[in-house]
Amino acid sequence: MVRLGHERRLVADIADALGVTREPTERLRHVAHIGVGARAFSYAVHGKTPPEVPVRVELTPPSGTGPAWTWGPEGATDRVAGPALDFCLLVTQRRHRDDLALVIEGPAATEWMAIAQAFAGAAGTGRTPMN
């Protein structure tokens, strides 16, 4: 499983280097679900305690149609919203949050997105902004 993740990241890096666009599919929902579920893990690998504050995640599916993919309580004041692809690129540390069209509101959501990590292993260093 971990090996497959590394292979996918390698394919993504090669596509980026070649300037090739890979079309996102609805299968990203699985990556997003893992990313949301790995919130506590993101804190653990950084030696931090996750806050008790809930975060609402609302993602637009790649097709742009159908209902948003959502996690967390509707009334949460901390939120992450935007394209599912952008969320997945952030939690897999393929892009820096400044290069994505995510709306991140509240201190708990902001801290989580700064350290988000949806893959096993030691804390990743993340990406530097492209812009």
| message | Please check: side-chain N/O of H96 versus main-chain N/O of D98, any donor-acceptor pairing under 3.5 Å? | response |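 Indeed, once roles are kept as given, a pair shorter than 3.5 Å links the two residues.
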
Does D86 use its side chain to pair, donor to acceptor, with the backbone of A101 at less than 3.5 Å? yes

Using atom types as modelled, flag every donor-acceptor pair under 3.5 Å from a side chain in residues 103-113 to any protein atom, sequence neighbours excluded.
{"residue": "E105", "atom": "OE1", "partner": "R79", "partner atom": "NH1", "Å": "3.1"}
{"residue": "T110", "atom": "OG1", "partner": "G106", "partner atom": "O", "Å": "2.8"}
{"residue": "E111", "atom": "OE1", "partner": "Y43", "partner atom": "OH", "Å": "3.2"}

Sequence neighbours left out, what pairs pass salt bridge (charged side-chain N to carboxylate O under 4.0 Å, His left out) with at least one residue falling in residues 30-43?
->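 Counting only pairs at least two positions apart or across chains, no salt bridge (charged side-chain N to carboxylate O under 4.0 Å, His left out) contact touches residues 30-43.
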
Quick note, salt bridge (charged side-chain N to carboxylate O under 4.0 Å, His left out) partners involving residues 68-78, not counting sequence neighbours, are none

Can I get a per-line list of side-chain donor-acceptor pairs under 3.5 Å for residues 62-72, giving both atom names and the distance, sequence neighbours left out?
{"residue": "S63", "atom": "OG", "partner": "E26", "partner atom": "OE2", "Å": "3.3"}
{"residue": "S63", "atom": "OG", "partner": "T65", "partner atom": "N", "Å": "3.2"}
{"residue": "S63", "atom": "OG", "partner": "T65", "partner atom": "O", "Å": "3.3"}
{"residue": "S63", "atom": "OG", "partner": "T65", "partner atom": "OG1", "Å": "3.1"}
{"residue": "W71", "atom": "NE1", "partner": "H33", "partner atom": "ND1", "Å": "3.0"}

What pair of heavy atoms forms the shortest contact from [X] to [Y], and how long is it?
X: L102; Y: P83; value: CD2-O, 4.0 Å
X: Q117; Y: S42; value: N-OG, 2.9 Å
X: V57; Y: F87; value: CG1-CE1, 4.2 Å

Quiz item: For T25, which residues count as a side chain to side chain donor-acceptor pair (under 3.5 Å) partner, sequence neighbours excluded?
Solution: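 For T25, the residues satisfying side chain to side chain donor-acceptor pair (under 3.5 Å) (neighbours in sequence not counted) are R27.
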
- Working to the nearest 0.5 Å, report the span between CD1 of I34 and CG of L28.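 The CD1 atom of I34 sits 11.0 Å away from the CG atom of L28.
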
Here the gap from L85 atom CG to T60 atom OG1, rounded to the nearest 0.5 Å, amounts to 11.5 Å

Any link between V36 and I115 through a network of hydrophobic side chains (Ile, Leu, Val, Met, Phe, Trp, Tyr) touching at under 4.5 Å?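 The answer is yes; both residues are in one hydrophobic cluster.
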
